[in-house]
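See below for the structure under consideration.
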There are 2 protein chains.
Amino acid sequence: MEKVLVFGHKNPDTDTICSSIVMSQMENKMNQNAECVRLGEINKETQYALDYFKVEKPRLIEKIEEGQHVILVDHNEFAQSVDGIENAKIDKIIDHHRIELKTTDPLFYFAEPVGCTSTILYELCVMNNIDVDKKMAGLMLSAIISDTLLFKSPTCTPKDVKVAEELAKIADVDVQNYGLDMLKAGTDLDDFSAEELINLDAKNLESNGSKYVIAQVNTVNIEDVLKRQADLEQAINNEISKKGLDLFVLAITDILNSNSEIISLGNKAKVVESAFGKTLENNRTFLEGVVSRKKQLLPMIEKNI
Amino acid sequence: MEKVLVFGHKNPDTDTICSSIVMSQMENKMNQNAECVRLGEINKETQYALDYFKVEKPRLIEKIEEGQHVILVDHNEFAQSVDGIENAKIDKIIDHHRIELKTTDPLFYFAEPVGCTSTILYELCVMNNIDVDKKMAGLMLSAIISDTLLFKSPTCTPKDVKVAEELAKIADVDVQNYGLDMLKAGTDLDDFSAEELINLDAKNLESNGSKYVIAQVNTVNIEDVLKRQADLEQAINNEISKKGLDLFVLAITDILNSNSEIISLGNKAKVVESAFGKTLENNRTFLEGVVSRKKQLLPMIEKNI
């Protein structure tokens, strides 16, 4: 039987890694020959989840051969996928993002407007009568906690909460305790250079002829990160020159109090001012209650750029 | 509660009509406020199914207002959808075609590479514990019979057959008898002018800079249709001039013996020769075993145009 590779997006986060592991297990339980792979390094938050549930990280790949059968999770845009995706055979896509896709053949595509890919995967398990063991449940739960910032993000839906509750029972963990420990593990930023930090979770975007990046880091102490503001600004300005960007927005998100401090640089830095009705001081502004790039930062910046 | 409109593609066939009726009923059983509508006239095959199961045809609409919530079944390309779709709010899509779509927001999207939209709808009923009554079952069964030409089309999958068998039990019909009667009802072409006939089920396409149409009519007697060849050719040539087409292919498909006679006109008429290794005589050629536009005609013509 031909092997199918299962993977999430580049610059993988906890949902991408955990959902691709679970999806490959589901496929194998349905008598397929699936292997989970990843397109980048594992971050500390994800590593915490893998260690906690004693699961090995997937194999790293950089490109795929023509005609390779693949299953995409947590993304559908080719720009966020593996090199060579244009000539792959996409069997399935499980995702929770907007759709930007052209395929030559019909395929299995299941997307829902929920907070996390793993919420949809759990429904697929139920639909296909697949037994969810403790490890699978733990991985899916970790993905939901990560994508919804422990249910505090405006991207979180009632379905995410309900599924997480069921998964927590199977995984045998206390959601609040485990969730906070996992999120905190991802906020240990000391090992990263300024350049690494601004690229940890950076999304390249283009709207109305402007090229821009919205990057995000999670923390439990915004002040701690701001101590490195000079270094961060230098790294951001290097990115701006290198990529010819009009704008680079770095959101430093306080996961405990659900706020973000924004650093905005580039010739369109002031877009942030019109987008949120705030004034930049020292290239920064504080956005109360803003934690979601997808629901809060991106739409407002896209509208104003 | 805001009303959502449920509809299939323009130039509606039995799958589009039956699936949109069933989908709106499913939504209402899940406490939504859904109304099924249609984008064109009901064909004779569909009318047979609606009459048999005593179901009213949906209301006809021509365009929708900005911001209208909609659910699309059996299509996802805006070119095949209602006027104004660009500014609608698409809540859900249930489909079995290739994907060619850009959305601004995440949405519910469920597609599978099966022969018929209703096959997927039945899975959704099961998934959501929705009771399938006799009428719903009859409509879904009719859609599957139509799209798979009573399981003879190469687009038919084992899942379509399995679902149809379950639906036939609920609908309390003999699949072969009912199916053949329904398909035959759709082959009564006498009322149609040549112009109507070539537009009954015509797909506008564009590949490699060429504009072309592949149209199809079902019959139980190819010779009967060919008696009107001169009129049909005139109507086709009018379409070619009017739309600036390079090619117009009309497939006259024998649903009993699973073959098609092709009429090919336009400056690229000979594409049919290279596509199928046949010679056009009197603008015609016979393609044994060819019944599916999606799986057999379109890919070969697209490759050779």
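Computed from a predicted structure; not experimentally measured. Quick note on labels: first sequence line is chain A, next is B, and so on, each numbered from 1.
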As an exercise, state the distance from CG of A/Leu107 to CZ of B/Arg98, rounded to the nearest 0.5 Å. 12.5 Å
Starting at CG of A/Leu101, measure out to OH of B/Tyr109 and round the result to the nearest 0.5 Å. 8.0 Å
Between the main-chain N or O of B/Ile99 and the side-chain N or O of A/Thr103, is there a donor-acceptor pair closer than 3.5 Å? yes
Check this for me: A/Lys89, atom NZ, are more than 12 non-hydrogen atoms of other residues, nucleotides or ligands nearer than 6.0 Å? yes
Counting neighbours of CD on A/Glu65 that are heavy atoms of other residues, nucleotides or ligands and sit closer than 6.0 Å, is the number greater than 12? no
Heavy-atom pairs under 4.5 Å with chain B, option from A/Glu112, A/His96, A/His97, A/Glu77 with the top count: A/Glu112
